[in-house]
Amino acid sequence: MPPDDFAAEVDRLWDQVKPLYDDLQCHVRAELSDHHGADVVDPAGPIPAHVLGNMWAQSWSNIYDLVAPPAADPGYDLTEILQSRGTSEVEMVEMAEGFFTSLGMESLPDTFWTRSDREVVCHASAWQLDLDEDVRIKMCIDINAEDFSTIHHELGHSYYQLGYRDRAPLFRDSANDGFHEALGDVIALSVTPGYLVDIGLLDEEPSADADLGLLMRMALDKVAFLPFGLLIDRWRWAVFSGDVPPEEYNAAWWSLRDQYQGVGAPSERTEEHFDPGAKYHVPGNTPYTRYFLAHILQFQLHRDLCEAIGYEGPLNRCSIYGNEEAGRRLSEMMAMGLSRPWPDALEAATGSREMDATAILDYFAPLAEWLKEQNEGRACGWS
Ligand code: X8Z
Ligand code: ZN
């Protein structure tokens, strides 16, 4: 795809989800302004980055308690469950492996377990050391729900690598890099209360009343991430093209943060500072639009796989756990590697040849309605 078409495709997807993001930003800002005071969080401006519960303000699930819908408590906290059971790091990875094998995929090779254990740079990543079955993950695991999800993300990379290992070397990669980032997240979307009951981590499923809470928790992670996932490369492309000269690097960064996220700097920033450098992928030179695409693709894969296996309830309660038809579709997509144009891979799994952000809107529809009600009378947007 020519670069300009690629940028336009990303914009098209962003336009589909921006109204939902704007409603979430508006609600979160209002609640944070009530909590911290209007002198800290201006109810008409961008949200200062330091009150969103994450170093980069890229995912906001840590402030769930401050913005949660009342009377929609999911009734369980996966972090508490894992910690109170004394679950170990290795057990968390074994549980995640169990999800993949339930789909008919192979067990991880012995070398995965014996060679993954050493002190490393903590930003999580997954590696295929020999372009064959020596796959390993590099991660410093904390016993909490966020890392449980990241483990599934990383194993998604490992299973993709195993899936295409018989292809010619040039084709041993995902259909496009969004697919590599999406695969494990598709599995993590199936870590539903019902699944937690199935594997014995939860005694019973919360009632349907809990759905708004579950959706909010997920939206604070996935919907909040979207503009962040988009803006990193907007900044990088402008730097590489020379449109943004070095003396404007930091100002351009905060201008994009404002424009896309409605997030602002907590204190005055100047060109003495280099805030983009605090994001691993910038000095690490890892392309970032892949994560934006992955956030779109994972909901599309989730929705379409759920539909393909005959599921009919709310999307946030659908789990493909133990479903070999879903596993077969994902395995077919992964086995293609990079040997076919990415629409072919998407078609193998979903039946569709286009990326489509309406799956996010479908997934979050009940929350979107609730946000609209909350925001009535509030002036949304920021200046
Ligand atoms: O870097 C990652 C993965 C490794 S590929 C842990 N992610 C992005 C980030 O942390 O900034 C996953 C979500 C976005
Ligand atoms: Zn990844």
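Predicted model only: the values in this text are computed from it and were never measured. For ligands, and for the atoms within them, numbers begin at 1 and follow the listed sequence.
- Coordination check, His153 versus the Zn ion (ligand 2): passed, since an N/O/S atom of the residue sits under 2.8 Å.
- Using a 4.0 Å cut-off between charged nitrogen and carboxylate oxygen, Arg234 and Asp11 count as a salt-bridge pair.
- Residues Tyr288 and Phe292 place their aromatic rings such that the two centres sit no closer than 6.0 Å.
- Taking CG from Asp4 and CD from Glu9, the interatomic distance works out to 13.5 Å, rounded to the nearest 0.5 Å.
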Working for side chain to side chain contact (heavy atoms under 4.5 Å, CB included), residues Glu325 and Arg329: CA-CA 6 Å; Glu325 168 58 13; Arg329 285 173 177 242; 3.0 Å; yes
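- Closer than 4.0 angstrom to ligand 1 by heavy atom are Gln58, His123, Ala124, His153, Glu154, His157, Glu181, Phe225, Lys279, His281, Tyr288, Tyr291, sorted by chain and number.
- Looking at Glu181, its N, O or S atom nearest to the Zn ion (ligand 2) turns out to be OE1.
- Summarising the local packing, CD of Glu373 is surrounded by more than 12 heavy atoms from other residues, nucleotides or ligands at distances under 6.0 Å.
- When all heavy atoms of Met92 and Ile143 are compared, the pair lying nearest together is SD-CD1, 3.8 Å.
- We find that Lys222 and Asp185 are joined by a salt bridge, their nearest charged nitrogen and carboxylate oxygen being less than 4.0 Å apart.
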